[in-house]
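Predicted, not measured: the structure shown is a model, and the values here were computed from it. One-based numbering, in listed order, for ligands and for the atoms of each. These numbers come from the heavy atoms of this one structure, side chains and all, not from hydrogens, waters or symmetry mates.
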Amino acid sequence: MDLLKKRILQDGKCFEGGILKVDSFINHQMDPILMKSIGVEFVRRFANKDFNKVMTIEASGIAPAIMVGYLLELPVVFAKKKQPKTMENMISTTVRSFTKDREYNVCISKDFLTKKDRVLFIDDFLANGNAANGIIDLIDQAGAQLVGMGFIIEKAFQHGGEVLRERGIHVESLAIIDSLDNCQIKIR
Ligand code: 5GP
């Protein structure tokens with residue numbers, strides 16, 4: 001997706017440890033016009049898939065996921081990182097955070113992820129695939145079906161994407177970063 005690639009090269013910043021900062025248009029301040037184009041591109045790439053729900057994980061996956069849900073008029077549900085006191089019927093799993101280097105729990109209500117659901121998962125970044133694996137675990141626990149996973153940015157020098165594709169999962173990434181070595185952003 002050329003518009004996104006240009007924006008990453010223009011405004012993205014490289015950090016130690018292979019972290020790309022895109023907080024001026026995705027992770028903190030958001031560009032809704034770009035986000036709409038991202039939603040349109042996800043809809044195009046998953047056009048041949050049959051799903052009834054869009055799923056993401058808070059917080060940065062919510063904006064692209066809601067764009068997809070809005071365009072397709074489908075419900076969007078996000079896995080929560082803190083369990084609300086009022087959530088009774090829930091499924092949870094543990095995820096290792098790449099950026100924060102710690103483990104956290106994510107949970108989702110059984111009311112909003114059930115065995116009737118065919119799920120498209122959307123998130124901002126794919127790095128080692130820990131968040132994605134956590135989501136797959138939630139989907140499995142619920143007896144739902146995963147139809148595909150879409151990421152705004154995939155860092156191919158980490159290997160989450162490779163592992164997910166080897167498992168036969170339909171993965172689409174709108175911008176693939178081959179390297180951030182020497183603080184130079186190399187986009188495929
Ligand atoms: P993974 O679980 O695939 O290792 O990492 C994905 C999650 O970590 C994403 O949901 C994202 O929040 C965060 N993440 C991973 N790499 C980066 C990065 O380079 N920049 C930013 N801003 N977030 C990242």
Does [X], backbone or side chain, put an N or O under 3.5 Å from an N or O of ligand 1?
| X | answer |
| --- | --- |
| Ile19 | no |
| Asn130 | yes |
| Leu20 | yes |

Charged N to carboxylate O below 4.0 Å: is that the case for [X] and [Y]?
| X | Y | result |
| --- | --- | --- |
| Asp23 | Lys13 | no |
| Asp178 | Arg188 | yes |
| Glu154 | Arg165 | yes |

Taking the non-hydrogen atoms of Gly129, is any one of them nearer than 4.0 angstrom to ligand 1? yes
Within less than 4.0 angstrom of ligand 1, does Lys155 place any heavy atom?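 Yes, Lys155 has a heavy atom closer than 4.0 Å to ligand 1.
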Starting from [atom], what is the nearest protein heavy atom, named by residue and atom, and what distance separates them?
| atom | answer |
| --- | --- |
| atom 5 (O) of ligand 1 | Ala127 CB, 3.6 Å |
| atom 8 (O) of ligand 1 | Phe98 CB, 4.3 Å |
| atom 4 (O) of ligand 1 | Asn128 N, 2.8 Å |

Need the ligand 1 atom indices (1-based, order shown) with element for anything under 4.0 Å from a heavy-atom of [X].
| X | answer |
| --- | --- |
| Ala131 | 2 (O) |
| Asp123 | 10 (O) |
| Asp124 | 9 (C), 10 (O), 11 (C), 12 (O) |
| Thr99 | 14 (N), 17 (C), 23 (N), 24 (C) |
| Asn27 | 22 (N) |

Above 12 or not: heavy atoms from other molecules or residues under 6.0 Å from NZ of Lys81?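 Atom NZ in Lys81 is crowded, with more than 12 foreign heavy atoms closer than 6.0 Å.
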Could you tell me whether Lys5 atom NZ has more than 12 heavy atoms of other residues or ligands within 6.0 Å of it? yes
Report yes or no: do Asn133 and Arg96 form a side-chain donor-acceptor pair below 3.5 Å? no
Looking only at side-chain N and O atoms, does Asn105 offer a donor or acceptor that is under 3.5 Å from a partner on Ser92? no
With a heavy-atom distance limit of 4.0 Å, tell me whether Phe125 approaches ligand 1 through its side chain, its backbone, both, or neither.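 For Phe125, the contact with ligand 1 is made by both the backbone and the side chain.
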Does Arg118 make a cation-pi contact with Phe51 (under 6.0 Å, within 45 degrees of the axis)?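 Checked: cation-pi criterion not met.
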Kindly give the cluster partners of Val119, where membership spreads through any ILVMFWY side chain lying under 4.5 Å from a current member.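 Traced through the cluster, Val119 reaches Met55, Ile57, Val77, Ile91, Val95, Tyr104, Val106, Ile108, Phe112, Leu113, Phe121, Leu126, Ile135, Ile136, Leu138, Ile139, Leu146, Met149, Phe151, Leu164, Ile169, Val171.
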